[in-house]
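Beneath this line is the structure, given in structure tokens, with notes to follow.
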Amino acid sequence: MPELPEVETIRRTLAAHIKDSRIKDISLIWPSAVCGWKDKGFKELVLGRRITRLDRRGKYLLIRLDEEMTLIAHMRMTGRLNYYPDHREPEKHTHVVFTLEHGEVHFSDVRKFGRIQAIPTSLCIQESSLSKLGPEPLEPEFTPIVLKDHLAKKRVALKAALLDQCVLAGLGNIYVDESLFRAGISPQRQANTLSEEEIKQLHKSIQDVLQAGIDARGTSFRDYRDANGEKGQFEQALQVYGRGGKPCRICGKTLERLRLAGRTTVYCPKCQK
DNA sequence: CTGTGGCCCTGGACGC
DNA sequence: TGCGTCCAGGGCCACA
């Protein structure tokens, strides 16, 4: 499930292939995967435009086109963007094929949750799902003070607060659990009760885990692949996610599994207070 | 404000 | 082997 490190890896691998290329054709195999803007259809907005750069905001991939157009892509759980240098028949779950000057980009998604929206770049921030996003965790704007201020308003469980994209953009179930483990803080703690020291530790853990995830080119627990179809390597570094019932790698105590904010949550009852 | 649960989806794991 | 059931979950929305 692509979270910040996976989307960043997709961004990098895709950009290497498609930057400066023109979109010559679009095949909408499952048209619901895309949406246009106002009364303009997706094809109308996108066809013939050149890809100028790729950005990322939280878990959203932003494909910038010329004439001030942006494609906002969200993979949700199982979405993929694959680049192929040569023509290739769409696979079973491929919903959109972009034919470029050199090669093709296939958007596929087994569970059909992922979407690509076309929107004028000037409206990208205020009139899209990007508008409510919190700070970027790896940018200088994200400081322990910012984290503290955002958490101070939340009376919910810390895990729920960190999954909230308004608090912080880009964390999902995997990296929240991993961050909390590294910070030694329980996911059940009320978000606004952390001490200064705990905030600092959590801030550092979030940045460290995300950077390590990017360095490992993402986590391929189930479905994730980058634009070249390659798996990430971060799965082997996971300390708690997917390890419920197994021994903690630090203290040996059995990792506990519980349901929090509607998500499976794994933590060490001894290492995390 | 907050928590919960449903919705969108399919494939894989599991039980009988 | 085959069938039914459950689970995975990001974002959004309705509801208590």
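Since the model is a prediction, treat every value here as computed from it, not as a measurement. Order of the sequence lines fixes the chain letters, A, B, ..., with proteins taken first and strands second; residue numbering starts at 1 for each chain.
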* Could you tell me whether A:E141 atom CD has more than 12 heavy atoms of other residues or ligands within 6.0 Å of it? => yes

* Axis bend over the full length of the helix from B:dT2-C:dA16 to B:dC16-C:dG2, computed from five pairs that close each end, to 10 degrees -> 60°

* Ignoring backbone atoms, test whether A:Y175 places a side-chain nitrogen or oxygen under 4.0 Å from the OP1 or OP2 oxygen of C:dG10. => no

* Asked: What is the distance, rounded to the nearest whole Å, between atom CD1 of A:I174 and atom C1' of C:dA8?
  -> 11 Å

* To do: Measure the distance from CE on A:M77 to C1' on C:dC12 and round it to the nearest whole Å.
  => 12 Å

* To do: Identify whether any heavy atom of A:Y224 sits under 4.0 Å from a base atom; if not, whether one sits that close to sugar-phosphate; answer base, sugar-phosphate or nothing.
  => nothing

* Asked: A:S129 near the nucleic acid: base, sugar-phosphate alone, or nothing, with a heavy-atom cut-off under 4.0 Å?
  -> sugar-phosphate

* Structure fact -> Rounded to whole Å, CG of A:L162 lies from P of C:dG11 at a distance of 14 Å

* To do: Tell me whether the centres of the aromatic rings in A:F142 and A:H203 are closer together than 6.0 Å.
  => yes

* Validation row, ring centre A:Y175 to ring centre A:F234 under 6.0 Å -> yes

* In whole angstrom, what separates A:N173's CG from C:dA8's C1'? -> 10 Å

* Is the shortest side-chain N to carboxylate O distance from A:E101 to A:K24 below 4.0 Å? -> no

* Within the structure shown, what part of the strands sits under 4.0 Å from A:R259 by heavy-atom distance: base, sugar-phosphate, or nothing? -> sugar-phosphate

* Separation of atom CD in A:Q117 from atom P in C:dC12, rounded to whole Å -> 11 Å

* Asked: Charged N to carboxylate O under 4.0 angstrom, A:R11 versus A:D55?
  -> no

* Asked: Of all nucleotides in DNA chain B with an atom under 4.0 Å from a non-hydrogen atom of chain A, which is the first and which the last going 5' to 3'?
  -> B:dT2 to B:dG11

* To do: Measure from the side-chain heavy atoms of A:Q165 and tell me the nearest of C:dG11, C:dC12, C:dG9.
  => C:dG11

* Assess whether salt bridge (Lys or Arg N to Asp or Glu O under 4.0 Å) is satisfied between A:D226 and A:R217, documenting all intermediate values. => CA-CA 8 Å; A:D226 70 16; A:R217 302 169 61 86; 2.9 Å; yes

* For the pair made of CZ in A:R76 and P in C:dA8, what is the distance, rounded to whole Å? -> 18 Å

* Which word best sums up how the rings of A:H17 and A:Y83 line up, parallel for under 30°, tilted for 30 to 60°, or perpendicular for over 60°? -> parallel

* A:L163 CG - C:dC12 P separation (whole Å) -> 14 Å

* To do: Check whether more than 12 heavy atoms from other residues, nucleotides or ligands sit under 6.0 Å from atom CG of A:L123, and answer yes or no.
  => yes

* In terms of side-chain geometry, is the basic nitrogen of A:R49 or A:E67 positioned less than 4.0 Å from the acidic oxygen of its partner? -> yes

* A:F113 aromatic ring stacked with six-membered ring of C:dG10, 5.5 Å and 30° -> yes

* Does A:R111 make a side-chain N or O approach to OP1 or OP2 of C:dG9 shorter than 4.0 Å? -> no

* Asked: Which is true for A:K132 with a 4.0 Å heavy-atom rule: it touches a base, it touches only sugar-phosphate, or it touches nothing?
  -> nothing

* Can you check the A:E3 CD to C:dA8 P distance for me, whole Å? -> 15 Å

* **Test: A:E8 and A:R56 ion pair at under 4.0 Å** => yes

